[in-house]
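The structure appears below as structure tokens.
Counting starts at 1 for both ligands and their atoms, following the listed order.
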Amino acid sequence: MDIKSKLEELQAKFEEAIKNVSTSADLMNLKSSYLGKRGSLNDVLSKMKDMTPQERQVVGPAAQKVKEFLNKEITQTSSKIERAEIETKLAKNRIDFSYTDKVRHDRLTSGGLHPVTQVRREIEDIFLSMGFEVLDGPHIEDEFHNFEALNIPKNHPARDMQDTFWLEGAKHLLRTHTSSVQVHGMKERSAPFRFIAPGKVFRAERTDASHEMVFHQLEGMLVDKDVSISNLIYFMKTVLKEIFKKDVEVRLRPGFFPFVEPGFELDIRCLICSGKGCSVCKKVGWVELLPCGMIHPNVLKAGGINPDEYNGFAFGLGLDRLVMMRYAIDDIRHIHGSDLRFLEQFKKY
Ligand code: PHE
């Protein structure tokens, strides 16, 4: 048999063989048995050395053509196999999102926003209308942002006020308050400025009707020249009035937070029991809602602001408590409970 017919025969055999290949492993084997060092093509080509130059001129290009054909077929088959393999994987992991009888029966025909999200968005709008920016910050913080820059040095007893989830190595932690965003916010801008930072915070708390390990705060910070405590009080009252759509009774008590001086606890008359005493207000008729105060000079310094030139106030609104007051929810644990009977009620808002 002459060498040209041999090449034709090789190609025909290859075409037959590749039809039966269905896995990448088989394809690799086929490839090496035809195109590998000791593969069939080289086997045929090794005979070229005994040919005359004229013969070589004919056989050379023919062999090249066969080689290109084989390579093309292999590439095409390889992508076909790859696609089939991906499809098999996808089919195996398929989740049925369809509109099943159970979904219909449970009336889960449309979603709704979580009450915390609804209230957060509303409050963001109120603050945006007052010229505040809305900032975001990381849930995992370092000691500097969560404590040190906020005037809570290592070994300061104030650290014990917040039961902290430390990460391995005790260098990082799940932020215990949104106050950590104060530090990021100050560093990224120059005074005067005003921003809020809503988000999740984490504390290793024992849970009860008014305490959860994961809850939401909304931090606020305003830095300007000659800001006074009366500015702070007026401001807070205006915000609460906007939120509750009516005047709410508030009281101010001294409160200790190392990052403000003076610091206050702003309480509102419990809207669940109208001050008569219930499990949310722990029978005192008032709910701690808005700790606040004038920013401590050390905090301004840590944020790169000259405390002789600028001052301001900061506050930390308890978002979940606010939601509870707004909708008369008597247990904070409902908020993260994911019970659809609870969540469904907020669709209409
Ligand atoms: N970060 C404080 C807390 O979580 C709240 C707070 C914020 C107090 C801002 C004063 C000013 O308890």
Side-chain angles (χ1 to χ4, degrees), residues 116 120 123 127 132-139 141-153 156-165 173-186 193-206 210-224 227-229 231-233 235-237 239-240 250-268 286-300 302-303 305 307 311-322 332:
V116 175
R120 173 177 57 75
I123 298 176
F127 279 101
F132 280 69
E133 292 174 74
V134 181
L135 304 191
D136 198 7
H139 288 172
E141 272 295 3
D142 53 26
E143 266 189 284
F144 177 75
H145 288 88
N146 199 83
F147 291 127
E148 266 153 45
L150 293 167
N151 206 26
I152 318 175
H156 192 287
R159 287 206 186 184
D160 293 341
M161 299 196 317
Q162 304 185 346
D163 301 305
T164 308
F165 286 113
L173 58 140
L174 294 178
R175 69 175 179 195
T176 56
H177 50 188
T178 44
S179 301
S180 53
V181 189
Q182 287 189 16
V183 187
H184 295 288
M186 281 188 290
F193 55 76
R194 46 184 84 180
F195 58 76
I196 55 166
K200 278 194 169 56
V201 299
F202 310 83
R203 291 188 200 173
E205 301 248 22
R206 195 165 283 214
S210 54
H211 292 90
E212 260 285 27
M213 290 200 240
V214 181
F215 54 103
H216 300 85
Q217 288 185 333
L218 186 138
E219 193 78 9
M221 192 175 211
L222 179 146
V223 170
D224 211 322
V227 182
S228 70
I229 296 178
N231 291 149
L232 164 67
I233 296 171
F235 200 86
M236 292 297 119
K237 275 188 139 178
V239 170
L240 290 171
V250 301
R251 73 174 185 187
L252 215 55
R253 293 179 287 129
F256 175 67
F257 304 95
F259 35 95
V260 286
E261 176 57 36
F264 308 103
E265 289 283 4
L266 193 149
D267 303 340
I268 66 164
W286 295 92
V287 176
E288 270 178 29
L289 192 67
L290 234 171
C292 51
M294 304 304 289
I295 305 161
H296 196 289
N298 287 351
V299 175
L300 291 170
I305 294 161
N311 72 337
F313 58 74
F315 54 90
L317 188 73
L319 262 186
D320 309 73
R321 294 224 175 134
L322 197 80
I332 194 171

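Taking the six-membered ring for Trp and the full ring otherwise, the centers of H177 and F257 sit at least 6.0 Å from each other.
The OG atom of S180 lies 13.0 Å from the CD atom of E143; values are rounded to the nearest 0.5 Å.
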For this session: Mind running side-chain contact (heavy atoms from CB on, under 4.5 Å) on V250 and L290 for me, showing each step along the way?
Result: CA-CA 10 Å; V250 301; L290 234 171; over 6 Å; no

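The side-chain heavy atoms of L266 and L240, taken from C-beta on, include a pair separated by under 4.5 Å. Using a 4.5 Å heavy-atom threshold, the side chains of D224 and N231 count as separate.
Listed by chain and number, Q162, H177, S179, R203, Q217, E219, F257, F259, V260, P291, C292, A314, F315, G316 each place a non-hydrogen atom less than 4.0 angstrom from ligand 1.
Not a single donor-acceptor pair under 3.5 Å links the side chain of E133 to the backbone N or O of F195.
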